[in-house]
Amino acid sequence: MKRMPLVAGVGLVVIWVSAAFGQTADSSASQQVETLAGVEIGGKWAFIDETGKVVIAARFEQASEFSDGLAAVRFGGKAGFIDKTGKMVIPAQFDGARPFYEQRAMVMLGGKQAFIDETGKVIGQFDAIVTDFSEQLAVVTIDGKMGFIDKTGRVVIAPKFEDVGAFSDDRAGVWIADKLGFIDKTGKLVIPPRFDGAYGFSEGLSNVKIGGKMGFIDKTGKLIVAGFDNAGGFSEQLASVSMKDKWGFIDQTGKIVIPAQFEGAREFSEQLAAVKSSMKWGFIDKTGKVVIPAQFENAGAFAKD
């Protein structure tokens, strides 16, 4: 299928992690550590602080970013959640898990997909969960159609869509007749379907695919800038863009503020962005200055909450 995934901040592509703990993560990390990023070292995932120091040791097969103060981790076949000291706070009991968003996390349990709260209590099980919670709503599949539930598990927008994304900035992308448009929270179509793909609104703009290139529209559907080979979403007023196989960053007017020079780039978070150079990942600040040299096999975003 030619459609791009509808990823509105939290995304539609569910990357489950699984973990069972025979041992806990390094608990020597200080309670004062607030801002951490996951990095891959020697085939295992660890967490570093903003100086690059490892504060939770590399022992996980996979790890999510911290969100709502917790991270999902994989180790040995089951999934659980750790806090920022590395302590397991929700036991490893799930076949898969996603990070917490808005006090809810997607998990796989007994062949079913479900949401849990921060105590590990199951809120509801569904045929399929399409998105994490975003703006108090999540997309689920019921009887073959997609609709929206609230945080209690109640259906608030009836399941009538073939393919729909998460809400962000009061807009959700929806496929109609092989083109993508946007609906509001009543389910009303507010931007007609004319795009070949989108990743959802962030900071008032959404990247969209049109005519084989990526660009950005505002919430009325007006095209602001276009012509990129690929593009990420806006975060902290900057968005990553790709031109001729190199990545840089633009501001919200479309001006290039960090020249395209990297092999890969992730969004800014806590004033830092992971970038790839010479097959390794490091971190830059918003001027493009390297603050943590490229040394990791992979890297996520810094998270304070």
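Position 1 is the first residue of the sequence; numbering continues from there. Note that the structure is predicted; figures quoted are calculated from it, not measured.
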Look at the side-chain heavy atoms of Ile, Leu, Val, Met, Phe, Trp and Tyr, link any pair under 4.5 Å apart, and say whether Leu189 and Val156 land in one connected group. yes
Evaluate side chain to side chain contact (heavy atoms under 4.5 Å, CB included) for Ile116 paired with Leu109, printing each intermediate quantity in order. CA-CA 10 Å; Ile116 61 170; Leu109 183 63; over 6 Å; no
I want to check something: taking the side chain as every heavy atom from C-beta on, are Thr131 and Phe167 in contact at a cut-off of under 4.5 Å? no
Spacing of Phe296 atom CZ and Lys276 atom NZ [to the nearest 0.5 Å]: 14.5 Å
So which atom in Ala172 and which in Phe148 form the shortest heavy-atom distance, rounded to 0.1 Å? CB-CZ, 4.2 Å
Would you call the rings of Phe182 and Phe201 parallel, tilted or perpendicular if under 30° counts as parallel and over 60° as perpendicular? perpendicular
Keeping the roles fixed (side chain from Asp68, backbone from Glu102), state whether a donor-acceptor pair exists under 3.5 Å. yes
Please step through side chain to side chain contact (heavy atoms under 4.5 Å, CB included) for the pair Lys160 and Lys145, ending with a clear verdict. CA-CA 5 Å; Lys160 59 184 178 181; Lys145 296 287 186 179; 5.6 Å; no
Can you check whether Met106's main-chain N or O pairs, donor with acceptor, with Gln113's side chain at less than 3.5 Å? no
Using side-chain heavy atoms (C-beta onward) and a distance below 4.5 Å, is Phe60 in contact with Lys44? no
Looking only at heavy atoms, what is the nearest atom pair of Ile48 and Gly52, with distance? CG2-O, 3.7 Å
Just how far is it from atom OG of Ser64 to atom CZ of Arg74, taken to the nearest 0.5 Å? 13.5 Å
Under 3.5 Å, side-chain donor or acceptor atoms of residues 118-130 against the rest of the protein: list the pairs with distances, not counting sequence neighbours.
| from | atom 1 | to | atom 2 | distance (Å) |
| --- | --- | --- | --- | --- |
| Thr119 | OG1 | Asp117 | OD1 | 2.6 |
| Thr119 | OG1 | Lys121 | N | 3.4 |
| Asp127 | OD2 | Asp143 | N | 3.1 |

Side chains of Trp247 and Ile258: closer than 4.5 Å at any heavy-atom pair? no
I'd like to know whether the aromatic ring centres of Phe66 and Phe302 sit less than 6.0 Å apart in this structure. no
dist Arg98:CZ -> Phe81:CZ (nearest 0.5 Å) comes out at 10.0 Å
Does the side chain of Glu135 come within less than 4.5 Å of Asp170's, by heavy atoms? yes
Ion pair Asp132/Arg104, N-O distance below 4.0 Å: no
4.5 Å side-chain heavy-atom contact, Val208 and Leu180: no
Taking Phe133 as the fixed residue, which of Phe100, Phe115, Tyr101 is the one that meets the ring pair (Phe, Tyr, Trp, His ring centres under 6.0 Å) rule? Phe115
Sub-4.5 Å side-chain heavy-atom contact between Leu272 and Ile284: no
May I ask you to establish whether Arg266 and Trp281 are in a cation-pi arrangement, using a distance under 6.0 Å from NZ or CZ to the six-membered ring centre and at most 45° from the ring axis? yes
Any side-chain heavy-atom pair from Leu238 and Ile250 closer than 4.5 angstrom? no
As an exercise, state the distance from CZ of Phe234 to CG of Asp251, rounded to the nearest 0.5 Å. 7.0 Å
Step-by-step salt bridge (charged side-chain N to carboxylate O under 4.0 Å, His left out) determination, Lys179 to Asp196: CA-CA 6 Å; Lys179 291 291 181 180; Asp196 299 316; 2.5 Å; yes
Between Leu36 and Ile56, is the side chain to side chain contact (heavy atoms under 4.5 Å, CB included) condition met? List the steps. CA-CA 9 Å; Leu36 303 180; Ile56 299 178; 4.3 Å; yes
Taking Asn207 for its side chain and Ala231 for its backbone only, find out whether a donor-acceptor pair lies under 3.5 Å. yes
So do Met243 and Ile256 actually touch side chain to side chain, heavy atoms under 4.5 Å? yes
Salt bridge (Lys or Arg N to Asp or Glu O under 4.0 Å) against Asp285, all qualifying residues, sequence neighbours excluded: none
Does any N or O in the side chain of Glu263 come within less than 3.5 Å of the main-chain N or O of Met279, such that one atom is a donor and the other an acceptor? yes
Backbone N or O of Phe262 within a donor-acceptor pair of the Ser277 side chain at under 3.5 Å? no
Can you measure from CD1 (Ile210) to CG (Leu223) and round to the nearest 0.5 angstrom? 6.5 Å
Treating Lys112 as the side-chain partner and Val107 as the backbone partner, does any N or O pair qualify as donor plus acceptor under 3.5 Å? no
Regarding Asp229 and Lys213, does a basic nitrogen lie under 4.0 Å from an acidic carboxylate oxygen? yes
Expected output: side-chain Gln295 to main-chain Lys280 donor-acceptor under 3.5 Å: no
Within the distance-only criterion (no hydrogens, no angle test), does the side chain of Glu65 pair as donor or acceptor with the backbone N or O of Ala301 below 3.5 angstrom? no
Heavy-atom pair with the smallest gap, counting every atom of Pro99 and Ser67: CB-CB, 4.3 Å
On a heavy-atom basis, the closest approach of Lys286 and Phe268 is CG-CE2, 3.4 Å
Specify the closest pair of heavy atoms between Lys246 and Ala260, including all atoms of both residues, with the distance to one decimal. O-CB, 3.7 Å
Please confirm whether the backbone N or O of Phe75 pairs with a side-chain atom of Glu61, one donor and one acceptor, at under 3.5 Å? no
Could you walk me through whether Met146 and Val140 pass the side chain to side chain contact (heavy atoms under 4.5 Å, CB included) test, one step at a time? CA-CA 6 Å; Met146 295 184 188; Val140 299; over 6 Å; no
Taking Val241 as the starting point, is it possible to reach Phe249 by hopping between hydrophobic residues whose side chains are less than 4.5 Å apart? no
In short, Pro159 meets Val155 closest at the heavy-atom pair CD-CG1, 4.0 Å
So if you build clusters from Ile, Leu, Val, Met, Phe, Trp, Tyr with side-chain heavy-atom gaps below 4.5 Å, do Ile224 and Val257 land together? no
Joint cluster assignment, Ile176 & Val164, ILVMFWY side-chain distance < 4.5 Å: yes
Sidechain-backbone polar pair: Ser206 side chain, Ile217 backbone, donor-acceptor under 3.5 Å: no
Once you round to the nearest 0.5 Å, how far does CG of Leu70 lie from NZ of Lys87? 11.5 Å
